[in-house]
Structure formats: structure tokens, C-alpha cells
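Worksheet: the structure to be examined is printed underneath.
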4 protein chains.
Amino acid sequence: MTQTKVGIIGATGYAGEELVRILLNHPNVTLAAISSVSFEGKKLSEVYPSLYQICDMALTNEDTVIAQSDVIFASLPHGLCEALAKKAVGQGKKFIDLGADFRLKDEADYQQWYGLEYKEKELHTHSCYCIPELHRERLGKDISIIGNPGCYPTSIALGMAPIAKSGLADLNTLVIDSKSGVTGAGRGLSQTTHYPDCNEAFSPYKTAVHRHTPEIEQTLSELSGEPVRVTFVPHLLPVNRGIVSTMYVTLKEGASKETVRALYESAYQNEKFVRVLPDGDTANLKHVKFSNYCDISLHFDSRTNRLIVVSTIDNMVKGAAGQAVQNMNLLCGFEEDAGLCLVPPAF
Amino acid sequence: MTQTKVGIIGATGYAGEELVRILLNHPNVTLAAISSVSFEGKKLSEVYPSLYQICDMALTNEDTVIAQSDVIFASLPHGLCEALAKKAVGQGKKFIDLGADFRLKDEADYQQWYGLEYKEKELHTHSCYCIPELHRERLGKDISIIGNPGCYPTSIALGMAPIAKSGLADLNTLVIDSKSGVTGAGRGLSQTTHYPDCNEAFSPYKTAVHRHTPEIEQTLSELSGEPVRVTFVPHLLPVNRGIVSTMYVTLKEGASKETVRALYESAYQNEKFVRVLPDGDTANLKHVKFSNYCDISLHFDSRTNRLIVVSTIDNMVKGAAGQAVQNMNLLCGFEEDAGLCLVPPAF
Amino acid sequence: MTQTKVGIIGATGYAGEELVRILLNHPNVTLAAISSVSFEGKKLSEVYPSLYQICDMALTNEDTVIAQSDVIFASLPHGLCEALAKKAVGQGKKFIDLGADFRLKDEADYQQWYGLEYKEKELHTHSCYCIPELHRERLGKDISIIGNPGCYPTSIALGMAPIAKSGLADLNTLVIDSKSGVTGAGRGLSQTTHYPDCNEAFSPYKTAVHRHTPEIEQTLSELSGEPVRVTFVPHLLPVNRGIVSTMYVTLKEGASKETVRALYESAYQNEKFVRVLPDGDTANLKHVKFSNYCDISLHFDSRTNRLIVVSTIDNMVKGAAGQAVQNMNLLCGFEEDAGLCLVPPAF
Amino acid sequence: MTQTKVGIIGATGYAGEELVRILLNHPNVTLAAISSVSFEGKKLSEVYPSLYQICDMALTNEDTVIAQSDVIFASLPHGLCEALAKKAVGQGKKFIDLGADFRLKDEADYQQWYGLEYKEKELHTHSCYCIPELHRERLGKDISIIGNPGCYPTSIALGMAPIAKSGLADLNTLVIDSKSGVTGAGRGLSQTTHYPDCNEAFSPYKTAVHRHTPEIEQTLSELSGEPVRVTFVPHLLPVNRGIVSTMYVTLKEGASKETVRALYESAYQNEKFVRVLPDGDTANLKHVKFSNYCDISLHFDSRTNRLIVVSTIDNMVKGAAGQAVQNMNLLCGFEEDAGLCLVPPAF
């Protein structure tokens with residue numbers, strides 16, 4: 001079988017590098033070209049010595065990646081991908097944006113939270129936002145661009161989808177307390193992510209004003225069929241990888257523990273990458289690190305009638321590169337788990 | 001001035017050792033005796049080599065500590081302190097229990113959450129639960145026993161007290177998402193606190209069933225004058241020390257950001273150990289570690305009308321040994337901050 | 001092609017679990033049976049929740065593993081594997097011992113350092129100690145048992161082999177300062193590996209008396225053709241995985257930097273799993289974690305005429321399970337890198 | 001008693017901030033002024049929120065600090081302190097340089113390793129390099145400038161002094177393998193100290209070319225009375241604080257374990273801040289963190305006749321700010337341990 005040629009724009013960012021790690025072992029694709037603005041001309045292994053003798057490919061520019069690839073992954077700051085996607089689509093290529101430029105349906109949300117407008121409105125009609133377990137039917141023939149979901153929104157949407165759809169909870173009581181490892185902040189240097197500032201520290205950040213909020217609300221509103229407003233507070237966790245979202249929502253009358261558990265088990269029984277943990281177990285980011293799994297545990301506070309959902313993913317895999325590959329697999333007709341059978345190491 | 005003789009029962013647990021660290025530099029007291037069941041006969045510095053040549057005192061038994069001390073601190077598993085307190089009080093001594101045996105006023109709560117009864121009911125009339133900033137007037141002449149507050153409840157009570165008293169929030173919407181460093185689990189070995197299990201991991205535990213729940217509710221109910229039920233979920237954080245409690249509560253009509261901030265600043269303006277952070281700052285456990293401070297930051301989610309309070313302490317200091325010394329200072333008429341001017345190291 | 005059936009005795013220890021992780025994705029084998037003394041009857045995923053829905057196989061006993069497998073891996077405390085190997089070989093099976101029972105040729109060394117005697121001396125004639133890059137020619141038809149090398153000795157032997165063989169250094173000046181992540185201490189609980197004791201701590205242990213010393217000396221003596229005595233000091237590093245060995249040896253007259261580098265590059269030019277880093281780079285355990293690579297960097301202290309070799313591996317992969325699989329591949333005639341194309345994640 | 005006025009130039013670097021932490025609780029001094037080039041005009045607590053309400057002093061400039069202080073501490077990059085010291089001494093003040101400008105006696109060493117010349121040669125006749133336990137007699141009336149020792153050299157000099165003086169070891173066999181926490185790299189941002197690069201990583205750096213080498217050799221040469229050349233390799237340790245130096249040296253004939261231990265115990269028996277650990281114990285940075293102690297443990301490799309000395313300090317305290325305060329105490333006639341009775345926390 002011929003291999004599909006894939007390329008990565010922004011290959012030296014954390015998500016870009018993680019894409020390389022996954023794509024190198026993918027049975028259906030060949031890594032054709034990679035680019036970086038900061039390191040153009042260098043070998044990728046000069047930036048990431050872990051890849052020495054494994055991927056010594058030279059970093060080129062964006063146009064070259066688009067020209068040489070059938071599928072292009074882009075991992076760039078928001079605002080840069082519409083133009084690139086237009087070029088790619090114009091050449092008949094598929095484009096998967098790991099950034100925010102194709103995630104929000106309502107342009108007003110994009111303007112409000114990102115401060116930019118959509119310049120290529122027509123382009124958005126060929127794009128879709130896709131968490132495969134929830135939206136894979138969206139990937140029809142007309143779709144050439146995927147807005148790959150954000151890390152926090154992935155953990156939250158998968159954790160809330162069954163209850164949100166069911167109507168058994170009052171979604172406007174939803175409080176989401178998320179915690180992310182430091183790779184979530186990217187490769188760029190900052191005082192906050194300087195080791196001595198970050199190690200043996202813990203704190204929320206962007207409290208109730210994080211840009212992932214409209215993306216979370218978009219999915220929950222679609223699932224429930226009514227407008228949902230949530231409180232979302234992310235925290236910076238002194239670990240390299242992983243997100244844990246602890247979500248609190250008030251159940252409606254008659255929503256029993258058994259009913260809710262059955263909803264979740266039924267929703268995900270055929271989903272390889274979502275594991276609803278047995279009663280009594282608690283999701284831990286340790287158990288999904290370096291893998292494409294999302295673990296969900298369910299807890300009930302009968303004293304206050306709240307459902308507590310704990311959802312955990314590896315922010316770099318299911319929360320970025322892994323999910324992007326899963327989306328590519330669907331878009332290209334590969335096995336959905338191709339290249340993604342990553343067993344999470346226990347320690 | 002003569003020094004007050006102090007003793008520690010359970011000196012080899014984490015809170016006991018932290019008491020030693022603080023009391024050694026306390027201007028008004030002399031460490032007279034220390035005990036340990038597991039290490040009786042050994043020197044404390046054999047158990048904690050950090051104390052070599054600093055505190056080579058031998059570990060003795062409980063009766064000796066009581067006999068040789070004016071004030072006795074006890075840091076033991078629950079259920080063991082009533083008998084010891086009785087002995088101490090019988091000899092005219094003061095007794096500060098860092099465990100749970102004198103924290104809950106309502107014996108039914110103690111029975112429900114700890115599975116034990118109070119055996120010495122009369123003794124409880126001479127005891128009080130005391131977070132100094134909230135309850136220092138309780139420490140009258142009749143008090144010879146202090147139920148020193150738990151770590152989570154301290155962070156939560158200080159963080160919620162001004163708003164709880166004010167009546168400006170609907171306390172039954174309160175969701176408390178707390179995160180604690182691993183010393184909170186104590187010195188005893190467990191798989192959960194084995195380094196490779198705990199490092200690069202994160203998870204809630206005892207989700208909505210933690211024993212600190214009734215203590216939290218007791219304080220909030222007293223402050224607000226009405227019964228309060230909360231959802232409380234603690235998480236294990238891969239750091240040695242510190243607690244961050246992120247608290248979410250819906251504000252009532254007319255509770256403005258300015259009103260709420262003024263409440264907090266006014267409540268704590270004369271409190272050395274509670275720092276209400278300036279608008280825009282966020283509490284971080286890094287900034288209070290190894291000190292007796294509680295840092296509080298206030299955040300408002302205007303989209304959902306929720307107040308978000310972030311409260312952080314060092315679980316071993318303000319959450320245990322430091323607060324116990326602060327209570328001793330009040331009980332003995334020392335300066336309230338004696339021995340507690342610990343500057344938190346920046347890194 | 002029919003799959004080879006493999007089994008693991010001691011599957012719930014860290015090396016055992018890592019074997020599972022690797023073998024599950026190995027193209028030539030099927031995991032047939034796994035055993036554990038402590039957890040017999042449980043599912044492996046109950047012990048390691050990371051494996052939930054990935055490997056829910058039940059843990060059985062040792063005899064069952066031997067009976068159902070063509071190749072048996074054993075990861076047990078020393079002293080237990082001779083009897084098991086005898087059984088396995090008696091049934092015509094291959095046996096790979098990840099422990100110490102088949103590593104030392106000279107029984108006197110085993111007696112001195114492990115305090116035990118070989119009970120099945122004949123068995124040792126069918127066994128060999130094998131670091132593939134150095135000893136793969138040993139795996140002849142008569143070999144049915146492999147003494148899989150220890151973690152420290154692997155990092156050290158690969159780091160020293162070219163210079164040791166060359167005769168260009170005075171090996172009796174060799175000082176080896178090694179640092180290992182905490183998984184090296186195993187899954188068993190101890191105060192030393194209790195998170196708050198281990199985190200933000202660092203110290204040597206078993207200073208100059210570690211049991212890997214005779215194994216190190218055995219290899220270096222063989223390579224150099226003369227008896228070698230080294231000073232070996234391991235340290236416990238607050239990370240989960242990885243070993244760095246920093247080795248100091250005085251060069252003989254005329255051993256230039258260029259000569260030595262050429263020796264290393266030549267020795268390993270065809271070895272996939274040993275990467276001699278370019279001049280100016282320094283080996284870092286970060287770059288080999290979760291992979292089967294050994295990275296080696298060369299440094300020259302011209303002021304003192306010492307060669308400094310830095311060698312790093314993942315103690316659980318190249319230092320245990322990965323090397324065991326590499327040995328199995330050779331023994332069974334699979335591709336040497338089958339199942340071992342693990343790309344080290346950059347973070 | 002009147003308080004001595006002290007000032008800090010470079011107060012927002014790590015060593016500067018640590019000086020603040022210590023000096024705020026020093027019984028004999030008042031913090032008069034602090035400066036920072038980057039943050040002039042800001043409050044120190046805006047840079048270090050841990051100091052909020054504890055030290056809200058504004059950051060000023062260098063001249064102001066010199067003018068307002070009796071003793072000036074400077075913590076700046078090398079090359080900047082001669083000019084400042086000249087000013088300070090010209091105004092009759094004492095000057096303690098935590099940098100490298102007054103450490104090396106031989107200007108040729110300074111030129112070779114730092115690439116700069118001494119511009120104020122006369123000034124150096126009023127300065128001295130001082131590790132109090134080794135050199136306190138140097139602090140005569142003519143001394144107004146102290147070259148405060150580097151972190152690595154302090155751990156090494158204290159660890160080697162007794163054996164170096166004794167002549168019982170061959171110092172030219174000395175190999176020093178040091179490991180330092182990340183604060184040793186300072187507050188400035190770099191890829192190496194970015195959390196995800198640094199966490200779960202370990203590596204040597206500046207292998208055998210670190211600038212502390214001539215300072216180490218200067219002290220060992222003085223102590224032994226003969227020129228000493230060492231191999232010194234520092235490593236970056238994923239902890240915030242602390243240095244462990246593991247030192248390997250060949251003993252001469254007749255140097256018994258007992259003789260060597262007696263040398264150490266005798267050398268340090270009256271030194272509060274140096275603890276020679278009992279036979280069988282091993283120095284661990286955990287036991288000295290946040291304190292001014294240096295712990296030393298002695299190990300003997302009888303198989304190779306090497307002495308192994310493990311020496312550990314807190315790089316920010318005994319390795320920088322604490323030792324600077326100890327030097328000030330001696331220079332000003334305060335108790336040598338004033339402000340330095342910092343009990344190392346056990347966890």
C-alpha cells in the first residue's frame with residue numbers, strides 16, 4: 001500500500017515534536033517534510049536530541065511542507081492558520097490545525113476571546129471541529145480542514161458528554177476545576193515555567209478567563225441543545241504531562257447513580273480510547289500519560305446531589321497530537337487507532 | 001523570664017517533627033520531652049538526620065512527656081487523645097491536640113465520620129476548636145484543651161469566612177476543590193505515596209467522602225448561622241508541602257466585586273498571618289511554604305456570577321504545627337507570632 | 001507467521017510490568033501467561049490501572065507460565081531463578097532471567113556479593129550473560145538461559161567497552177559515579193522511596209559496596225584482558241526513570257581525543273541502540289527515557305589527562321525489559337529491534 | 001544596641017532574595033536599602049510575592065544602597081563588583097561580593113577562566129577569600145572586602161580540607177562529581193532550566209571546564225602546600241536547592257579509616273555549621289536544605305584504597321547568602337551564628 005505523505009508546520013513546538021514521535025511509527029504514513037520558523041535549516045534532532053539518529057530530517061519552510069505533503073498538520077499560534085489552510089486546500093491537500101483558528105463556529109466567540117476576525121470565511125465551510133468520539137460523523141467528503149480540539153476542552157467534553165446529552169443534570173451549575181502539566185504552556189520560556197518557580201508550586205492561572213471557555217461551552221451547548229455557561233479554572237501542575245479535569249454538576253431529580261453510570265458505559269462501550277473506570281476507581285493522569293486514552297471516573301456526592309466527573313488525558317496526545325492523528329486516520333480512511341496503540345507506561 | 005516547658009507526644013510523625021523545628025527557635029519555651037511509640041529510646045536525630053547536633057534528644061513515652069511539660073502537643077491518630085488529655089489536664093497542664101478528637105462539637109458527626117464515641121464527655125467542655133483569626137476569643141480561662149484545626153479546613157475556613165459571615169453568597173452552592181502536598185498523607189508508607197507512583201501523577205482521593213467535611217461544615221454553619229452542606233474533593237499533589245483550595249460559590253444579587261473585596265480586606269487587615277492579595281494576583285502555595293501565612297486571592301466570574309476564592313497554606317505550618325504554636329501563644333499569653341516569624345523562601 | 005508464546009514470572013514488579021508494555025506491541029510474540037506471588041488470581045490491570053482494557057489478563061503461578069510459554073522471562077529477587085530455569089529448560093523452553101542468578105561466571109563472586117551458592121552448576125553451562133552489542137555471538141545453539149544484565153552494569157559496560165578493549169586507559173584509575181531514578185529501587189515500599197523523603201533529596205547509597213560491582217568488573221576484565229577493580233558509587237535521583245553513569249579514567253600516553261572518539265564511533269557505527277553523541281553534546285537521561293537507547297558522550301579533561309564518559313539509559317528498558325526483549329529477539333531469530341522501536345519522548 | 005545598616009545590590013537575583021530572607025530575622029542588622037537594575041522602582045514583593053507584607057521595600061539603585069548601608073552585599077555577574085567595592089570602601093563601608101571578582105588570588109586565573117583583568121589591583125590587598133571554618137583568621141582589621149566563596153567550592157573545600165591538610169592522600173587523583181539544584185543556575189530564563197526540559201532529566205554540564213575549578217584548586221593547593229589539579233564535573237539536579245559533591249581520592253599507604261575519621265572529627269568538632277556524620281550514615285542534601293549546615297560523610301573503598309567523601313550544602317545558604325552573612329558576622333564582631341540558626345526542615 002502506498003504511504004500517505006504527511007508534513008508538519010511548526011514541528012519544533014511541543015505538539016509538533018509529539019506528532020513526529022507518533023507519525024514515525026504510523027503504519028500508513030511517511031513523514032515528508034517539517035518546518036520551523038525559528039530553526040529553519042537545522043535538523044530536528046539538533047533541537048530535540050532525543051531524536052538523534054531517529055529523525056535527523058532538516059527543518060524547512062511552510063510552503064515546502066504544503067507542497068510535499070498530502071496531509072498537513074499545523075501547530076502554530078492562533079491567527080496564522082487560515083492563510084496556510086487556504087494554500088493547502090488550494091493544492092488539494094488536507095489540513096489539520098492544532099491551534100484555535102478552526103475551532104469556534106461562532107465568529108463572535110473568536111473575536112471576543114482571541115481578538116481576531118476570520119479572514120477567509122468561505123474556508124470555514126469546509127472545516128469542522130472534531131473530537132472523534134463525539135463528532136466523527138462530521139468528517140464528510142466536503143471536509144478538508146479540521147479544527148483539532150484544545151487539550152482542556154477534550155478532557156471536559158469527553159467527561160461531560162453523556163450527562164450533557166441526557167438532560168439529567170443542570171448544566172448551568174457546572175464548575176470545572178482543571179489541572180494541566182507544564183508542557184501545556186509550550187516550549188517558550190517564561191518565569192512561570194522556570195524550573196525553580198514551577199517546581200514545588202501550584203496555582204490557578206487565567207482564573208475564569210481562559211480562552212478554552214467558549215470551546216467548552218460550544219460543545220456542551222450542542223450536546224445539551226441549550227446555551228450553557230460554565231465556570232472554568234485551569235491550574236498549573238508540576239508534572240510534565242497530563243490534564244485532570246474535576247467537574248461538579250448538580251443532578252436533576254431522579255437521576256440515580258445507576259442511571260448515570262449506565263449512560264457513560266453505554267456511550268463509550270465501543271470507544272477504544274475512552275475508558276470508563278469501574279465503580280470505586282479514580283482517574284489519575286499517571287494512567288494515561290504518553291497514550292491516547294481518556295480515563296473517566298464517576299463519583300456521587302449524595303449529600304449535595306452532585307455528580308463529580310474526573311476526566312484525564314495526556315495533554316500532548318489525546319489533547320493534541322494523538323487526537324490530530326486520530327482525526328487524520330478518520331479523514332483518510334485508515335484504521336482509527338493506527339499509530340495510536342501506545343501503551344501508557346505505569347511509571 | 002522563665003521558659004515554659006513544652007512536650008510533644010508523637011514527635012516522629014511529620015507534624016511532630018515540624019513542631020520541633022518551630023519550637024526550637026521559640027523565644028518563650030523550652031522543649032522538655034518528646035515521645036514516640038515506634039522509636040522510644042532512640043534519639044530524634046536518628047529518625048530525622050536533619051536534626052543531628054540540633055536536637056539529639058531521646059524519645060521517651062507519653063507519661064513522661066505529660067509529667068515534664070507545662071504544655072503538651074499531641075500528634076496521634078484519632079481516638080487516642082481523650083485519655084492523654086485527661087491525664088494532662090488532671091495534672092494541671094494544657095493540651096493541644098493536632099488530631100481530630102476535639103474538633104467536632106457534635107458527637108454525632110464524630111461518630112458518623114470517625115466511627116468512635118467520645119468517652120470523656122466532660123472533658124470536651126474544657127476544650128475548644130480554634131482557628132485563631134476566627135475564634136481566638138474562645139480561649140478563655142476555662143479552656144485547657146485545644147482541638148487544633150485540620151489542614152484542609154484551615155485553608156477553607158480562612159478563605160470563606162468573610163463571605164460566609166456576610167450572607168452575600170449562597171453557601172449551598174459551594175464547591176471546594178482542594179489539592180495537598182504529599183506530607184499531608186503522613187510519614188507512613190503506602191503505595192500511593194511511593195515515589196514512582198506519586199511523582200508525575202495527579203488524582204483526587206476520598207472524593208466527596210473525606211473526614212474533614214464535617215469540620216468544614218461546622219465552621220461554615222457557625223459563621224453563616226445556617227446549616228451548610230458542601231462538596232469537598234481533595235487531590236494529591238506531587239509536591240512535599242502546601243495546600244491550595246479553590247472554592248466556587250454563587251453570589252447573591254447585589255454582591256459586587258468591590259463589596260466582596262472590601263469584606264475580605266476589612267476582615268483580615270489586622271491579621272499578620274492572613275494576606276489578602278492585591279487584585280490581579282493569584283495565590284500560589286510556593287509563596288507560603290515553610291511559613292505560617294495563609295494567602296487568599298479573590299476572582300470573579302461575572303459570566304456566571306460566581307466568586308472564586310483561592311486560599312493557600314503550608315499544610316504542616318498553618319495547617320498543623322504552626323497553628324498549634326499560634327494557639328499555644330494565645331493560650332499562654334505570649335505574643336501571638338512568637339516563634340512564627342518564618343519568612344517563606346521564594347524557591 | 002506463528003507467534004511465539006511468551007510468559008512473565010513476576011509480572012507485577014516494575015521490570016515485569018515494563019515487559020508487558022513492550023511485549024504487547026511486539027510483532028512476533030503473544031503474551032501467553034503471567035504470574036505473581038503477591039497478586040495471583042487478580043487481573044494485571046487491577047495492580048496497574050494503566051493497563052485497564054489493554055491487558056486484563058489474570059495473574060497465575062510460575063508453573064503455569066512455564067507450561068504455557070515458549071520463552072519465559074523471570075523478574076524475581078536473586079536466588080529464586082535456578083530452580084525455575086531448570087524446570088523451563090527441562091520442558092525445552094528458553095529462560096531469560098532479569099535477576100542476578102546467571103550473571104556472574106565466577107561462583108565465588110556470587111557467594112561473596114549475594115551470599116548464596118549455585119545449586120544447579122550444570123545449568124550454568126547452558127546460560128550466558130549477554131549485552132547484545134558486546135556479546136551477541138555468545139547466543140549459540142547451546143544457550144537456553146540468558147542472564148540479563150543489570151541496569152548500572154549495562155550503562156557502564158557500553159560506556160567503557162571501546163576504551164577498555166583498546167588498552168589506551170589505565171582501568172584501575174576508573175571511578176564510576178552513577179545516578180539512578182527511583183524505579184531502580186523497585187515497587188516495594190521503603191522509607192527511602194517514600195515521596196516526601198525522596199523528592200527534593202539526593203544522596204549516594206551503598207557507597208562502594210553495591211552488588212553490581214562484580215558484574216561491572218567481570219565485563220571490564222574480559223574486555224581488557226586483565227583484572228580490573230573499580231570504585232562504583234550509585235546515587236538515588238529524584239526522577240522516575242533513567243541512569244546516568246559518569247566515568248573517569250586516566251588515559252595512557254598518546255591516547256588523543258581524536259583516537260578515542262574514533263574508537264567509539266567505530267565500535268558503535270552499526271549499533272542501532274547505542275548513540276555516540278557528536279562532539280560538544282552531553283548525554284542526558286531525558287533523551288533516552290522510555291526507549292532502548294544508550295547515549296554516550298565523550299569529554300576530555302586535558303588538564304588532568306582524564307577521559308570522562310557519560311553514558312545514559314532508561315533503567316527499565318535498556319537496563320532491564322528492553323534489553324531482555326533484545327536478547328529474546330537474538331535468541332529466537334527475530335529482527336534484533338523487533339518491538340523496540342520506541343521513540344524517546346522529548347518531554 | 002544599635003543595629004548595623006545593611007544593603008543588598010542585586011536583591012532580585014536568587015542569592016539576593018535569600019539574603020533578604022536571612023537578614024530580615026538577623027538580630028544585629030536592619031535592612032536599609034536594596035537595588036536592582038531590572039526592577040528599579042518596584043517593590044521587592046512585586047518581584048517575589050512570597051515577601052508580600054513582609055518586605056515591601058522599594059528597589060533602588062546601587063549608589064543609594066552604598067550610601068545608606070554600613071555593610072553592602074553584592075550579588076551580580078562577575079566583572080561588575082570592583083567598581084562598586086571601590087566606591088563602598090571609599091565611603092568607609094564593608095563590601096561582601098557574592099560573585100567571583102574577589103575570589104581568585106592569582107589574576108592569571110581570573111583572566112584565564114573569566115576573560116577579564118583586575119582593574120583595581122590595589123583594592124585586592126584589602127580583600128580576602130573566606131570560608132569561615134578554614135579562613136576566619138584572615139578577617140583582620142585591614143580587610144574591608146570579602147570575596148564570598150562559590151557554592152561548589154564551599155562544598156568541596158569543607159569536604160576535602162582535613163585530608164588535604166594531612167598529606168595522607170594523593171590529591172592529584174582527586175575526582176569531584178558534583179550535583180546542584182536548579183537555583184544554582186540563577187533566576188534568568190534558559191531552555192535548560194525550562195521546567196519540562198529540566199524535570200525528569202539529569203546531565204552533567206560544563207564538563208571539566210566549569211569556572212569554579214580554579215577556586216577549588218586554589219584552596220586545595222593552599223591547604224596541601226603543593227599545586228593541585230582536579231577533575232571537576234558538575235551536574236544539574238532536578239531539585240530546587242542543594243549541592244552534593246562526591247569526591248574520590250586515593251589514600252597513601254598507612255592512611256587508615258580510623259585515622260582519617262579522627263582527622264575530620266577533630267577538624268570540625270568546634271564548628272557549628274559542619275557536621276561530620278557518624279560512621280554508616282550518608283550525607284543527603286535533604287538534611288541541610290534551607291540551613292547553613294554542611295554535612296560530610298566518609299566512606300572507604302578498601303578494595304581500591306580510595307577515600308570517598310560526600311559533602312552537601314544548601315547552595316543558596318552555606319553556598320551563598322548564609323555564608324555571606326556568616327562572613328559579615330565575623331567581620332562585624334557579631335556572634336558567628338547570628339541570624340543563621342536555621343533548622344533544616346525534614347521534608
Side-chain angles (χ1 to χ4, degrees), chain A residues 12-14 16-18 20-25 43-55 181-183 186-187 199-200 238-241 268 271-278 281-291 293 295 297 314 316-317 321 341-347, chain C residues 12-14 16-18 20-25 44-55 181-183 186-187 199-200 238-241 268-269 271-278 281-291 293 295 297 314 316-317 321 341-347:
Chain A
T12 57
Y14 280 163
E17 200 279 339
E18 189 77 353
V20 172
R21 184 173 81 90
I22 293 172
L23 294 169
L24 284 175
N25 277 334
K43 293 177 185 175
L44 182 61
S45 59
E46 291 178 86
V47 183
Y48 288 106
S50 52
L51 295 176
Y52 183 57
Q53 296 181 0
I54 300 174
C55 183
V182 186
T183 52
R187 191 174 183 271
N199 180 43
E200 299 292 293
V239 304
N240 279 0
R241 287 164 172 261
Y268 294 125
E271 294 297 343
K272 174 167 183 172
F273 294 124
V274 180
R275 303 188 292 192
V276 179
L277 302 188
D281 282 10
T282 302
N284 188 324
L285 66 80
K286 167 141 258 147
H287 304 148
V288 299
K289 273 193 315 173
F290 299 102
S291 85
Y293 290 94
D295 276 6
S297 65
D314 184 313
M316 284 293 133
V317 188
C341 297
L342 308 158
V343 181
F347 41 85
Chain C
T12 57
Y14 280 163
E17 199 279 339
E18 189 76 354
V20 172
R21 182 172 84 91
I22 294 171
L23 294 170
L24 285 175
N25 277 335
L44 183 60
S45 59
E46 292 178 84
V47 183
Y48 288 105
S50 52
L51 296 175
Y52 183 57
Q53 295 181 1
I54 300 174
C55 184
V182 186
T183 52
R187 191 174 183 272
N199 180 43
E200 299 292 294
V239 303
N240 279 1
R241 287 166 172 259
Y268 294 124
Q269 63 186 341
E271 295 296 343
K272 173 167 185 173
F273 294 123
V274 180
R275 304 188 291 193
V276 179
L277 303 188
D281 283 10
T282 302
N284 187 324
L285 66 80
K286 166 142 259 145
H287 305 150
V288 299
K289 273 193 314 173
F290 298 102
S291 84
Y293 290 94
D295 276 7
S297 65
D314 183 313
M316 284 293 133
V317 188
C341 296
L342 308 159
V343 181
F347 41 84

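Labels below follow one simple rule: chain letters A, B, ... track the order of the sequence lines, proteins then strands, and each chain is numbered from 1. Please read these numbers as outputs of a predicted model, since none were measured by experiment.
Residues passing the salt bridge (charged side-chain N to carboxylate O under 4.0 Å, His left out) test with C:Arg275 are C:Asp295, sequence neighbours excluded.
Side-chain contact between C:Leu24 and C:Cys55 is present, with at least one heavy-atom pair separated by less than 4.5 Å.
Counting heavy-atom pairs closer than 4.5 Å to chain C, the top residue among A:Asn240, A:Asn199, A:Ile54 is A:Ile54. Between chain C and the residues A:Asn25, A:Leu342, A:Val182, the most heavy-atom pairs under 4.5 angstrom are made by A:Asn25. When A:Arg241, A:Glu18, A:Arg187 are compared by the number of non-hydrogen pairs under 4.5 Å with chain C, A:Arg241 comes out ahead.
Close approach to chain C, defined as a heavy atom under 4.5 Å from one of its heavy atoms, is seen in A:Lys286, A:His287, A:Phe290 of residues 281-290 of chain A, taken by number.
The main-chain N or O of A:Pro345 is never found under 3.5 Å from a side-chain atom of C:Ser50 such that the two would form a donor-acceptor pair.
Using a 4.5 Å cut-off between heavy atoms, A:Val276 touches chain C through its backbone atoms (N, CA, C, O) alone. Looking at A:Ile22, there are no atoms closer than 4.5 Å to chain C (heavy atoms on both sides), in backbone or side chain. With a 4.5 Å cut-off on non-hydrogen atoms, A:Tyr48 touches chain C through its side chain but not through its backbone.
Between C:Tyr293 and C:Phe273, the angle of the ring planes goes over 60°, which puts this pair in the perpendicular group of the 30/60° scheme.
To the nearest 0.5 Å, atom CG of residue A:Leu44 and atom CD of residue A:Glu17 are 6.5 Å apart.
Scanning both residues, A:Arg21 and A:Val317, for their nearest heavy atoms gives NH2-CG2, 4.3 Å.
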